[in-house]
There are 2 protein chains.
Amino acid sequence: MGKTATIRDVAQRASVSTATVSRVLNDDAHVVEATRQRVMDAIADLRYSRNDVARSLKTRSSRIVGIVSPELTNDFFMGIANGIEAALKKLKYSVIICSSNESRDEEKRLLKVLVEKAVDGVIVIPASDKGSHLKPFQDAGMPIVLADRLVEDFEADAALSDNFGGAREVVAAFIRRGARRIAFIGGASRLSNARERFEGYRAALAEGGIEEEPGIERFGDFHMESGRALMKDLLGRENPPRAFFIANLYMHIGATSFLLSLPEAERRGIRIAGFDSMAYSPLLGFCTLAVEQRIAELGGEAARLIMDRIGKRDKPFPEIVRLPTRLVVTENER
Amino acid sequence: MGKTATIRDVAQRASVSTATVSRVLNDDAHVVEATRQRVMDAIADLRYSRNDVARSLKTRSSRIVGIVSPELTNDFFMGIANGIEAALKKLKYSVIICSSNESRDEEKRLLKVLVEKAVDGVIVIPASDKGSHLKPFQDAGMPIVLADRLVEDFEADAALSDNFGGAREVVAAFIRRGARRIAFIGGASRLSNARERFEGYRAALAEGGIEEEPGIERFGDFHMESGRALMKDLLGRENPPRAFFIANLYMHIGATSFLLSLPEAERRGIRIAGFDSMAYSPLLGFCTLAVEQRIAELGGEAARLIMDRIGKRDKPFPEIVRLPTRLVVTENER
DNA sequence: CTGAAAGCGCTTACAG
DNA sequence: CTGAAAGCGCTTACAG
């Protein structure tokens, strides 16, 4: 930037002290209207814009919250980020969104950068099931909130979906609609949300009086490729299942794209119950039921949790919020 | 954060001045090794972390670049953001990603916030075809770079795809593969990228000796719903086309989801040439050809452009970069 | 090679 | 209701 006007320039032009300018800038009530107006005019004349860097240095608050996401190109994570941003905007907070690139090391590095930038807190969507590298930052006083899932060796406030309940509900509905033999395609069970969804599936099965069949319960990595591979694998068995609960959207995409590569006859009658609903969900042609997460609210809750800690609100630690999910019946009933 | 160690604490512990600590922090060559080591030890002992806010205030550089995107939940935009972040990381720059929510007013507000945060520059993916609201910030000295598209009433460096060339290439390939009567579904032609793609389509038609048929050239708004509506509309004509060039991914999704709602017989033989390729592109079952944009590089170029201006590199203004696209033949040849 | 000191642009207790 | 002044944690010419 060029030479911008400072608070001193404004003070001079309005013939007041910098303290007074600062007061009107911060909506201090004790400034008499005439003075305030004079200052406002000077601000307008000079096109003065506050320097938040200086403000932050003095107040020790940057009014910035960091968000660390495993990836940027993921509508689910960005939906959460959106929810966070919307909630914080109202409090005049801004947000720095960073991608850990699904790497724990990068996650750690980003925390360090964010601390240097003096963010007031950070919301992390964990890249792995590990959290010990977050501990030192928390110990140093940085408020940290988890979103979407929990991690090992690290306790913190967290905003999560009711993965267990959602999975149980959708699988139960699937059973009610006649599905008996339901295969499971999910993420690695060391991840908290993947495990919870698997347990929800099992609970629904048990409640429906359906015996588990370990041979058709498969665990991938939440990515497209593993969804495709597992679907291929399951359909390659001697007696392949026709109903599937796929516990994550990307695996669902992979599985569907494999199905699309099959001759019409081979894929007929296949039905899928899935997780999440995004812009492109209408393309998931075999999906008949889905669990919808309240993505934006997940972000909103994460925002609330971090603000509570930043504001040193007195409350038990950690606070874990579980957001209910919603069952959705999709258009495809083909 | 709690009471963190400052440069003074480090200086004291290492028995040097704060100036020396600052020097080792900034890799100043003139510090003798023994001193450097002592300082490094003190830093480690105290778990000192630099306060970038103070640094920024003094150096007048925050080492932060703002990114303003029309939305967060969009893999194309976030792919650009990713490219920017990757490129800037190497230069020890960070990035603040904000969503304008497709609103020009919000875009303006965000610019103001970013100026207050003293970012060194901002890369904007315009929310509309208007840019006059960006002018005052540029005039005040803030480096601004556009990505993805140009706007009216505002000149700036820009990183763009060769929309014209890409559209022309894919439509030409479509024609070579036998398509004659190709309908056009695109975005509003006041948007620079939408217009360029339309012109590319027209050029390919002309070069292929195919007469334009205005009745099957339709303009929506780049969103899913309009893709769906326009596809429905076109198929509702007396003599509906069977080949489509859809100039944007979301419209492509909408169009495809409409097709999926049709009985098998009605949609048979429909072929689509599209734009972009994302994780869920395999689900676009009617797509046979696509133009792939170099999304990450688009971000990389935007990063380079903004750094050039921040570094006051002497070069003509504005610099407009056009990145070539790549033609992709998809798996579906059904 | 290292230090003393000024200053970046704000905010805020303390006076008055 | 308003001002003078200190100070937030750094960096950097200027000396030596």
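Convention: sequence-line order gives letters A, B, ...; per-chain numbering from 1. Quantities reported herein were computed from a predicted structural model and do not represent experimental measurements.
- With rounding to whole Å, R55(A) atom CZ is found 16 Å from dG7(D) atom C1'.
- The residue V16(A) sits close only to the backbone: its heavy atoms come under 4.0 Å of sugar-phosphate atoms, none of a base.
- The nearest whole Å value for the distance from the NE2 atom in H30(A) to the C1' atom in dG16(C) is 15 Å.
- Between K315(B) and D308(B) there is a salt bridge, with a side-chain nitrogen of the basic residue lying less than 4.0 Å from a carboxylate oxygen of the acidic one.
- Here the straight-line distance linking atom CG of N82(B) with atom CG of N101(A) works out to 6.5 Å at 0.5 Å rounding.
- Following rounding to the nearest Å, Q37(B) (CD) and dC1(C) (C1') show an atom-to-atom distance of 17 Å.
- Between atom CE of residue M278(A) and atom CD1 of residue I295(A) there is a gap of 3.5 Å, rounded to the nearest 0.5 Å.
- Side chain of N51(B), nearest nucleotide from dT11(D), dG9(C), dG9(D): dG9(D).
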Strictly under 3.5 Å: I want the nitrogen or oxygen pairs between protein and nucleotides 13-15 of chain C, one per line.
unit_1, atom_1, unit_2, atom_2, d
dA13(C), N6, R23(A), NH2, 3.3

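- For T20(B), no side-chain nitrogen or oxygen approaches OP1 or OP2 of dT2(C) to under 4.0 Å.
- Regarding D9(B), its CG atom lies at a distance of 9 Å from the P atom of dG9(D), rounded to whole Å.
- Note: CG (L46(B)) to C1' (dG9(D)) measures 15 Å, nearest angstrom.
- Across all strands, S22(B) comes closer than 4.0 Å to base atoms (heavy-atom distances).
- Taking a cutoff of 4.0 Å between a charged side-chain nitrogen and a carboxylate oxygen, E107(B) and K130(B) do not qualify as a salt bridge.
- Residue R8(A) has no polar side-chain atom (N or O) positioned under 4.0 Å from OP1 or OP2 of dC8(C).
- The structure places CZ of R55(A) at 6.5 Å from OG of S61(A), a figure rounded to the nearest 0.5 Å.
- Following rounding to the nearest Å, L57(A) (CG) and dT12(C) (C1') show an atom-to-atom distance of 14 Å.
- Contact annotation for V21(A): no contact, since no heavy-atom pair falls under 4.0 Å across all strands.
- The side chain of T35(B) contributes an N or O atom lying less than 4.0 Å from OP1 or OP2 of dT2(C).
- The line from OG of S99(B) to CD of E85(A) is 5.5 Å long, rounded to the nearest 0.5 Å.
- Along DNA chain C, the nucleotide closest to K58(B) and the one closest to D28(B) are compared, and the more 5′ of them pairs with D28(B).
- Here, dT12(D) and dG16(D) have their C1' atoms 16 Å apart, quoted to the whole Å.
- Base pairing annotation: dA15(C) forms a Watson-Crick or G-U wobble pair with dT2(D), both donor-acceptor distances under 3.5 Å.
- Rounded to whole Å, the distance from CD on E33(B) to P on dC1(C) is 11 Å.
- If you check every strand for non-hydrogen atoms under 4.0 Å, N26(B) touches sugar and phosphate atoms only.
- When rounded to the nearest whole Å, the span between CD1 of I7(A) and C1' of dT11(C) equals 8 Å.
- Regarding contacts with the backbone of dA4(C), every side-chain N or O of S17(B) stays at 4.0 angstrom or more from both OP1 and OP2.
- Nearest-nucleotide positions on DNA chain C for R38(B) and R60(B) put R38(B) closer to the 5' end.
- Here K89(B) contributes atom NZ and I84(B) contributes atom CD1; the two are 13.5 Å apart, rounded to the nearest 0.5 Å.
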Candidate pair I7(B) and L25(B), rule side chain to side chain contact (heavy atoms under 4.5 Å, CB included), full reasoning
CA-CA 10 Å; I7(B) 206 175; L25(B) 245 25; 4.2 Å; yes
